[in-house]
Amino acid sequence: MQRYCGNAFESPTGKPFFDAKGIETVRRDNCKAAPKILRKCIDILFRHNADLAYVKPFLQWQIKKILNGRLSSLNDFVFAKKFWGLQFYANASVMPSCIIARQRMAVDPLGEPKQLDRVPYVIVAGSSPQDRLADLVRSPADLLSDRALTLNGPYYILRAIFPALVRVLEVLPDFDYALLMDWYNEVRHWRADKLKLDTLAEGEAGKLREHLATALCVLCHRKIADNKRAST
């Protein structure tokens, strides 16, 4: 399978446009946050001669926001995998799409998704490190309706975003996966009040309902007033 990305030109004097094939920026088997962050990292590398030092501050800021629940859109963290029907899965008890299907059918016996439908789901934070991934699968509606649920930030970073970055950045001679983990470990203990954002009560930082519409200035990281967003 062909895999590439770059700035393409349609004429000698025209502006370039981003073109990609076979990488996460154009694939649909991940949450939207992964290709968005990957695309921005690639843009930064293009502008700065593939210097990873320029990627670090952007990526660490994204990590801080995700770990503290400062999300602009829940939709960016929704997985949507094709559903083939419960009878076609050998291990249906742990497949996220099957788990959601069974949750629907527990409410409505006819609620099984149609074959080839994309079934949306999110991964929520568990109560202990021993929780199975299958126990953390929820529908987006459940996440919004249950104030006790929060997104599993480390899962999205380490299992969705970082693997997408590695598959592209590994072509750089000075890249190593340990570098991403170092950047992650430097900021993973930061709480929301250390981000120069609105001060949040302990345990409230990750609750999406209160923070879905938050917009932040990319320079000072402060909340932008609604009447200023249209002009920025």
Side-chain angles (χ1 to χ4, degrees), residues 5 23-25 27 29-48 50-79 96 121-133 135-137 143 149-200 202-208 211 214 216-221:
C5 66
I23 65 174
E24 270 75 4
T25 58
R27 287 162 53 183
D29 56 353
N30 205 339
C31 63
K32 291 183 180 179
K36 285 185 176 182
I37 292 174
L38 174 59
R39 168 67 186 275
K40 182 63 177 179
C41 290
I42 292 173
D43 287 341
I44 292 171
L45 291 171
F46 283 168
R47 293 198 307 270
H48 297 284
D51 189 342
L52 284 168
Y54 289 91
V55 172
K56 179 179 179 179
F58 165 76
L59 189 57
Q60 285 190 321
W61 175 239
Q62 298 302 314
I63 291 171
K64 294 174 190 177
K65 289 199 299 181
I66 293 171
L67 292 179
N68 287 281
R70 306 297 300 196
L71 312 174
S72 59
S73 173
L74 169 61
N75 190 47
D76 287 344
F77 294 86
V78 174
F79 296 96
Y121 67 91
V122 295
I123 304 299
V124 300
S127 57
S128 73
Q130 286 72 41
D131 287 331
R132 301 181 309 154
L133 178 61
D135 298 328
L136 306 179
V137 175
L143 179 61
L149 295 177
T150 61
L151 280 182
N152 192 323
Y155 176 88
Y156 280 91
I157 294 166
L158 301 176
R159 301 287 298 275
I161 296 171
F162 275 12
L165 290 172
V166 168
R167 285 189 282 270
V168 173
L169 300 183
E170 65 183 357
V171 301
L172 300 177
D174 55 344
F175 174 77
D176 188 277
Y177 181 74
L179 183 65
L180 288 182
M181 291 305 303
D182 288 343
W183 294 352
Y184 173 78
N185 288 324
E186 286 176 11
V187 299
R188 66 188 177 94
H189 295 301
W190 281 45
R191 281 177 30 216
D193 57 356
K194 293 183 179 181
L195 300 182
K196 299 182 180 180
L197 302 171
D198 302 324
T199 301
L200 304 175
E202 188 74 30
E204 291 293 313
K207 291 183 179 177
L208 284 172
H211 308 299
T214 299
L216 305 175
C217 173
V218 296
L219 297 178
C220 69
H221 310 317

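Closest heavy-atom contact between Leu143 and Val122: CD2-CG2, 4.0 Å. The shortest non-hydrogen separation linking Ala164 to Ala34 is CB-CB, 4.3 Å. Nearest heavy-atom pair, Val168 versus Val171, reported as atom, atom and distance to 0.1 Å: O-CG2, 3.2 Å. Between Val166 and Phe175, the shortest heavy-atom distance links the atoms CG2-CZ, 4.0 Å.
Side-chain contact between Phe58 and Ile37 is present, with at least one heavy-atom pair separated by less than 4.5 Å. For the pair Leu45 and Leu52, the minimum side-chain heavy-atom distance is below 4.5 Å. Taking the side chain as every heavy atom from C-beta outward, Trp61 and Val187 never approach each other to under 4.5 Å. Side-chain contact check for Phe77 versus Asn152: every heavy-atom pair is 4.5 Å or farther apart. Side-chain contact between Cys31 and Asp76: absent, with no pair of heavy atoms (C-beta onward) separated by less than 4.5 Å. Annotation: side chain of Met181 is in contact with side chain of Leu158 (closest heavy-atom distance under 4.5 Å). By the 4.5 Å heavy-atom criterion applied to side chains, Val55 and Leu165 are not counted as neighbours. Between Leu151 and Ile123, every side-chain heavy-atom pair lies at or beyond the 4.5 Å cut-off.
Counting only distance, with no hydrogens or angles, the side chain of Asn30 and the backbone of Ile161 share no donor-acceptor pair below 3.5 Å. In this structure, Asp51 contributes its side chain and Ala53 its backbone to a donor-acceptor pair below 3.5 Å. Between the side chain of Asp131 and the backbone N or O of Ser128, at least one donor-acceptor pair lies under 3.5 Å.
Remark: Gln60 CD to Asn185 CG distance equals 10.0 Å, nearest 0.5 Å. To the nearest 0.5 Å, the span separating CD on Gln62 from CD1 on Ile157 amounts to 10.0 Å. Separating the CG atom in Leu59 from the CG atom in Leu38 is a distance of 10.5 Å, to the nearest 0.5 Å. Distance check, rounded to the nearest 0.5 Å: CD1 of Ile66 to OH of Tyr156 gives 10.0 Å. The NZ atom of Lys65 sits 12.0 Å away from atom CD1 of Ile63, with the distance rounded to the nearest 0.5 Å.
Salt bridge absent: Asp43 and Arg47 never bring a charged side-chain N and a carboxylate O closer than 4.0 Å.
Ring geometry for His48 versus Tyr54: interplanar angle under 30°, hence parallel rather than tilted (30 to 60°). Taking the six-membered ring where tryptophan is involved, the planes of Tyr155 and Phe79 are perpendicular, since the angle between them exceeds 60° and thus also 30°.
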